[in-house]
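This report concerns only the one structure given below.
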Amino acid sequence: MLATLVDKPFRDSKWVYEEKYDGIRILAYKEGSQVTLLSRNDKDRTRSFSAIAPSIRALEPLTLLLDGEVIALDRNQISRFQLLQRGIGDIRYAVFDCLYVSGRDLRHESLALRRNELEQIVSGKEGLILSRRLAADGLDAFRVAKQRGYEGLVAKCLTSMYVEGRSREWLKVKVHQEDEFIIIGYTEPAGSRKYFGSLLLGVYNKRKLEYVGKVGTGFTRNVLASLYRKFQPLRRKQPLFESPPRLRDITFLSPELVAQISYTEWTTDGKLRHPVFLGLRDDKDAGDVVLPKA
């Protein structure tokens, strides 16, 4: 179930307001002693997040399906995607829903009932945290998220059932601008930098690939080298998008790799302002990266 982006917070007593985490969405399956962690695009991440699997295995129900986000917390207990990418920080599984427990399918039950089940199963368990409720009032919740430096908040209707796909019974409001973009090319390095200068970024807009700007910050030397190796099999002579930028020494790439990018705003001509590279996302397919609209 995916939240729909809206442009401002609101208050409604029939809704709850949770912290929006900056991590990787994961479904956690437990069948007896067998635990499987799956990403949004059905990749098995059990080995990648091996520290999480024992925490799921230790839960009491023999059969269980949880929805949540694997995150890395900094010293201020704020989730940071960059830390998760580097495998540092306090790695946790922030759980926000329970879809199946002990032979019972809960997807057609209300969120209020599912949350009650979740709290009984997960509260106080090592390696797991319940998604934080920020405040009863949505406007207050947004102020809390902004004050603490969270990515944003997710508002959820208490009567909502769990449905696959994008829903307007789960809404998200961002404090910090951060989205996924497709890497569609790179420029040659300048000065002392090696491998490449900037990454060209794109999104799908009405099924057409569209250039939205370039990012040249947020890279370590190791990241530059690692990305450059990944780019080589994807090199192509001509771009797959219209109106490429008028830059010298561009290498175009097939649109397969997805990057997490933070930025301050969109310019009037539809480009990212002050973008920073945070990491690659292998849990999302390039074809699903569309122009973010509230």
For atom CD of Gln77, decide whether the heavy atoms of other residues, nucleotides or ligands shown that lie under 6.0 angstrom number more than 12. yes
Any side-chain heavy-atom pair of Tyr29 and Leu64 under 4.5 Å: no
Path from Phe81 to Ile52 over hydrophobic side-chain contacts below 4.5 Å: yes
Applying side chain to side chain donor-acceptor pair (under 3.5 Å), can you list everything that pairs with Arg107, at least two apart in sequence or on another chain? Asp105
Heavy-atom side-chain proximity of Asn41 to Asp288 below 4.5 angstrom: no
Would you say Phe196 ends up clustered with Ile184 if hydrophobic residues are merged whenever their side chains have heavy atoms under 4.5 Å apart, either directly or through other cluster members? yes
So does Ser198 get a backbone contact from the side chain of Thr187, meaning a donor-acceptor N/O pair under 3.5 Å? yes
Backbone of Glu126 reached by a side-chain donor or acceptor of Ser55 within 3.5 Å: yes
Does Ser123 use its side chain to pair, donor to acceptor, with the backbone of Glu119 at less than 3.5 Å? yes
Given 3.5 Å as the limit, does a donor-acceptor pair link the side chain of Thr159 with the main chain of Ser110, or not? no
Before you tell me yes or no, could you show the steps for Phe219 and Tyr195 under side chain to side chain contact (heavy atoms under 4.5 Å, CB included), namely the whole-Å CA-CA distance, both residues' side-chain angles and the distance that decides it to 0.1 Å? CA-CA 11 Å; Phe219 308 104; Tyr195 304 109; over 6 Å; no
Test salt bridge (Lys or Arg N to Asp or Glu O under 4.0 Å) applied to Asp282 and Arg45, step by step: CA-CA 10 Å; Asp282 66 354; Arg45 302 300 301 271; 2.8 Å; yes
What one should report as the nearest heavy-atom pair of Leu113 and Arg104 is CD2-NH2, 4.5 Å
Side-chain donor-acceptor contacts of residues 251-261 below 3.5 Å, not counting sequence neighbours, with atom names and distances?
| residue | atom | partner | partner atom | Å |
| --- | --- | --- | --- | --- |
| Gln260 | OE1 | Arg281 | NH1 | 3.0 |
| Gln260 | NE2 | Glu178 | OE2 | 3.0 |

Is there a side-chain contact between Leu224 and Arg193 (heavy atoms, below 4.5 Å)? yes
Between Leu59 and Lys125, does a side chain to side chain contact (heavy atoms under 4.5 Å, CB included) hold up when you go through it step by step? CA-CA 8 Å; Leu59 297 176; Lys125 303 301 182 183; 3.6 Å; yes
Beyond-backbone contact of Thr36 with Gln34, side-chain heavy atoms, under 4.5 angstrom: yes
Taking Arg11 for the side chain and Gly138 for the main chain, is one N or O donor matched with an acceptor at less than 3.5 Å? no
Atom of Tyr17, atom of Ala141 and distance for their closest heavy-atom approach: CB-CB, 3.6 Å
N/O donor-acceptor pair under 3.5 Å between Lys174 side chain and Gly152 backbone: no
Test Arg132 against Glu18 for salt bridge (Lys or Arg N to Asp or Glu O under 4.0 Å), laying out the working first. CA-CA 5 Å; Arg132 296 187 185 101; Glu18 302 177 358; over 6 Å; no
Expected list for residues 230-239: side-chain donor-acceptor pairs under 3.5 angstrom, two or more places apart:
| residue | atom | partner | partner atom | Å |
| --- | --- | --- | --- | --- |
| Gln232 | OE1 | Arg235 | NH1 | 3.2 |
| Gln232 | NE2 | Tyr228 | O | 2.7 |
| Arg235 | NH1 | Tyr186 | OH | 3.4 |
| Arg236 | NE | Gln238 | O | 2.6 |

Are the side chain of Thr63 and the backbone N or O of Ser102 linked by a donor-acceptor pair below 3.5 Å? yes
Show me the donor-acceptor pairs within less than 3.5 Å that the side chains of residues 199-217 make with the rest of the protein, sequence neighbours left out.
| residue | atom | partner | partner atom | Å |
| --- | --- | --- | --- | --- |
| Asn205 | ND2 | Glu210 | OE1 | 3.1 |
| Thr217 | OG1 | Pro275 | O | 3.3 |

Carefully, step by step, assess Arg86 and Leu84 under the rule side chain to side chain contact (heavy atoms under 4.5 Å, CB included). CA-CA 5 Å; Arg86 298 172 186 174; Leu84 186 62; over 6 Å; no
Does the side chain of Gln177 come within less than 4.5 Å of Thr264's, by heavy atoms? no
Within a strict 4.5 Å, meaning less than it, do heavy atoms of the Pro244 and Ile250 side chains meet? no
Acceptor/donor pairs from residues 89-101 side chains to any protein atom, 3.5 angstrom cut, sequence neighbours excluded:
| residue | atom | partner | partner atom | Å |
| --- | --- | --- | --- | --- |
| Asp90 | OD1 | Arg92 | NE | 3.2 |
| Asp90 | OD2 | Arg92 | NE | 3.3 |
| Asp90 | OD2 | Arg92 | NH2 | 3.2 |
| Tyr93 | OH | Ile26 | O | 2.7 |
| Tyr93 | OH | Leu66 | O | 3.4 |
| Tyr93 | OH | Gly68 | N | 3.2 |
| Asp97 | OD1 | Arg114 | NE | 2.7 |
| Asp97 | OD2 | Arg114 | NE | 3.4 |
| Asp97 | OD2 | Arg114 | NH2 | 3.0 |

When you compare the side chain of Arg47 with that of Leu37, does any pair of heavy atoms fall below 4.5 Å? no
Any link between Phe181 and Val290 through a network of hydrophobic side chains (Ile, Leu, Val, Met, Phe, Trp, Tyr) touching at under 4.5 Å? yes
Looking at Arg25 and Asp67, is any side-chain nitrogen of the basic one under 4.0 Å from a carboxylate oxygen of the acidic one? yes
At their closest point, which heavy atom of Trp170 faces which heavy atom of Ser160, and how far apart are they? NE1-OG, 3.7 Å
Determine yes or no for a side-chain-to-main-chain donor-acceptor pair under 3.5 angstrom, with Glu19 supplying the side chain and Tyr150 the backbone. no
Here the pair of heavy atoms bringing Met1 nearest to Tyr162 is N-OH, 3.0 Å
Where the side chain of Lys271 meets the backbone of Trp266, is there a donor-acceptor pair that is under 3.5 Å apart? no
I want to check something: taking the side chain as every heavy atom from C-beta on, are Glu109 and Met161 in contact at a cut-off of under 4.5 Å? no
Got a donor-acceptor contact below 3.5 angstrom from the Asp44 side chain to the Thr46 backbone? yes
Greater than 12 external heavy atoms within 6.0 Å of Glu60's CD: no
Check the pair Leu118, Ile121 against side chain to side chain contact (heavy atoms under 4.5 Å, CB included), reporting the backbone distance first and the verdict last. CA-CA 5 Å; Leu118 182 64; Ile121 295 167; 5.5 Å; no
Looking at Ala72 and Leu83, what are the two nearest heavy atoms and their distance? CB-CB, 3.7 Å
Residues which pass side-chain contact (heavy atoms from CB on, under 4.5 Å) with Ala136, listed by chain and number, not counting sequence neighbours: none
Between Val163 and Leu38, is there a shared hydrophobic cluster once you connect ILVMFWY residues whose side-chain heavy atoms come closer than 4.5 Å? yes
Do Leu134 and Ile78 belong together in a cluster built from hydrophobic side chains that touch within less than 4.5 Å? yes
Evaluation steps, salt bridge (Lys or Arg N to Asp or Glu O under 4.0 Å), between Arg40 and Asp283: CA-CA 6 Å; Arg40 270 180 55 180; Asp283 60 319; over 6 Å; no
